[in-house]
Visitor: 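Supplied in structure tokens, the structure appears directly below.
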2 protein chains.
Amino acid sequence: MNITEFAKSLNLSKGTVSRALNDRPEVSAETRRLVLEKAESLGFLRNPNARRLATGRTHIIQLECPYNTNILSDQYLVELARGIENTASSQGYDLMLHLGSRSRRAAEVQAVDGLMIVAGQETSLDDIKALTAFGHTPAVVISDTYPAELPPLTSYVQIDTLSGVRATLAKIAALGHKRIGYIRSDQSTDKMEALFQQAGLEWRRELVIQAGVTQQEGYDATLRLLERPSCERPTVLLTRTDILAAGAVQAAQSLGLNVPYEISVVGHDDIDLAALVNPPLTTVAINIPMVAKAAMDMLTRIIEDKYEPTVRVLETQLIFRESLGPAPL
Amino acid sequence: MNITEFAKSLNLSKGTVSRALNDRPEVSAETRRLVLEKAESLGFLRNPNARRLATGRTHIIQLECPYNTNILSDQYLVELARGIENTASSQGYDLMLHLGSRSRRAAEVQAVDGLMIVAGQETSLDDIKALTAFGHTPAVVISDTYPAELPPLTSYVQIDTLSGVRATLAKIAALGHKRIGYIRSDQSTDKMEALFQQAGLEWRRELVIQAGVTQQEGYDATLRLLERPSCERPTVLLTRTDILAAGAVQAAQSLGLNVPYEISVVGHDDIDLAALVNPPLTTVAINIPMVAKAAMDMLTRIIEDKYEPTVRVLETQLIFRESLGPAPL
DNA sequence: CTGTTAGCGCTTTCAC
DNA sequence: GTGAAAGCGCTAACAG
């Protein structure tokens, strides 16, 4: 059933029915009541695609994530999506996780009101431009690295991971740790070295190791690191993600090391898992509800034609749990 | 830019352009090349909503899950979504996880080609009817309980969890276990008792406990069970989900019990986590790629007007890992 | 092979 | 306050 038939069944014009359904002020209370009632009883629903074509609005925002990352394969992204969905729906928007190939997603850009782009190290400005149809689609970029430039109609939420890491390093120093291992997930030259120095800690190249993203990769990398004959064992392991940290804990335990009495482990992101592994992970938390709120607020402003380039920096926070203890004697 | 302007810039009619873009046979090779080339260089993309309105097809399928369950909060559903997305995209469909309230999702039903409905214990036939607009939308129901009846245009994939559980119980019996605890996640009267008897195992009410769905709830329930003064400790704990199993393992360990030497734990679903906890979980695996393939095949048949009510039963399988060992002496 | 035209189902002026 | 009619951007049937 379409609106024309439905209107006919009410002896009204489809214009009036449309106005009633859209809660416009021009319809009489009586007519409105009638329309709503009948729509309910007949189960009449308007065709969303026709509405979207006519209005140019979809009330959908789409979540995009970095290349080579499936949002459903990354627990942090899943939790972020959950947070964004919460605030989005309270503001009358639906969140759509449009999976599928990137080229197909590009074609969808005109079918959403706005884009939430989670950028990674490897996401370039060109990627963002392409995703936003060169700035024609309202977008908010969520990232931890400050972008050189923003396309038009794009605002920016920067997650300041450094603040949380700085707090972590201070804590680590205070606990007397001297030899600190670092399990990174990619080749990116991050600012760890500088942060170590600021915290009065020594950055040792030989204690840095490259892992991938999975727990298994964290496990393997940790074993390799701890079994390196060339160096004294680190007393604490910093990791890029909680998943890697979980792998690191397992690796240490499989070597018979007690966490945290013989070796400490620190994660990053504070995903649900962090509190649930044994021992619970000390980690750096991203305040997802806050990120989601900030990002959605920015996005709705752009969608409502109140664009002004905005950057908000949100700090991260050290969550202290049992996996971090004092340096062994 | 819309197709009319774009066609004008090529000195062609929009009809021809549309045919070229849709890869119709009637256009000359030369014209097609020209159109494709220019579309690429100008970055022209057709408006998806207009296309959907004109064709009545969206190439989108939507995943629905049981009441009170957010798909992003349940690791099994996330992994299932991943599997469905894989086969869907290989068949030219996009998977849309349309979150938001159920009423809002219902309004979207006309905007998708078909529905994949994951039903739980509490999902009724009426729910399914409502979701499918009383059988007007092609749908496949994925569930582990056989439904009394199917609405029109609906096929069914039954996940036969019993087969895997039967294998598990046989294994447990063979390992000499006699006292078996069971951590369920809801009140549903399942067929465990009968299965126990078939396996020659004794079903003890006092070793059954109700947990929720989270790892914490599994942990708490397990502690309560193991600390019940009234009964001898079970030698193996069966759980409804891997998440609960992970909580159970932690609870046992926190009481100083070695898993599996002093107590065994068995999960269900074989989510990624199952292989990663310590010790890795014995569990019952649902073959997600197979489920996804079967469900998508059924759904595309319905969408393509080749509907015939179909039911496929897919077995589950015991995955034997370290968390299950012989009964302690 | 290409151009013209009539919808798809809705919203939104513009009259009345 | 309501009806009539003109689009929204596309596809597909119909001519030529």
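As the structure is a computational prediction, the values presented were derived from the model and not from experiment. Both backbone and side-chain heavy atoms feed into the values below; hydrogens, waters and symmetry mates do not. Each chain gets a letter, A, B and so on, in the order the sequences are listed, and its residues count up from 1.
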Visitor: In whole angstroms, how far is the P atom of dG1(D) from the CD atom of E26(A)?
Guide: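 After rounding, the reported distance stands at 9 Å.
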
Visitor: Quick check: closest heavy atoms across F6(A) and S9(A), and the distance to 0.1 Å?
Guide: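 Result for this residue pair: O-OG, 2.7 Å.
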
Visitor: Under 3.5 Å, is there a donor-acceptor pair between the side chain of R19(A) and the main chain of R24(A)?
Guide: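 Here the side-chain-to-backbone pair does not exist.
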
Visitor: With rounding to the nearest 0.5 Å, note down the distance linking CG in L80(B) to CD1 in I271(B).
Guide: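 If I round to the nearest 0.5 Å, the distance is 12.5 Å.
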
Visitor: Mind checking which nucleotides bracket the chain A contacts on DNA chain C, 5' to 3', with an atom under 4.0 Å from a heavy atom?
Guide: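 Result: dG9(C) to dT13(C).
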
Visitor: Output one letter per nucleotide in nucleotides 10-16 of chain D: B when a protein non-hydrogen atom lies under 4.0 Å from the base, S when only the sugar-phosphate is that close, - when neither is.
Guide: BBBB---

Visitor: For the backbone of K14(B) and the side chain of S18(B), can you confirm whether one donor and one acceptor N or O come within less than 3.5 Å of each other?
Guide: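 Side chain of S18(B) to backbone of K14(B), a donor-acceptor pair under 3.5 Å: no, none is there.
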
Visitor: So, does D113(B) use its side chain to make a donor-acceptor pair with the main chain of H59(B) at under 3.5 Å?
Guide: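 Here the side-chain-to-backbone pair exists.
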
Visitor: Does a donor on one side chain sit under 3.5 Å from an acceptor on the other, for R51(A) and N22(A)?
Guide: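 R51(A) vs N22(A): donor-acceptor pair found between side chains.
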
Visitor: To the nearest 0.5 Å, how far apart are CZ in R46(A) and CG in L21(A)?
Guide: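 The CZ atom of R46(A) sits 4.0 Å away from the CG atom of L21(A).
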
Visitor: Can you tell me how far the CG atom of D269(A) sits from the CD atom of E79(A), to the nearest 0.5 Å?
Guide: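 CD of E79(A) is found 9.0 Å from CG of D269(A).
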
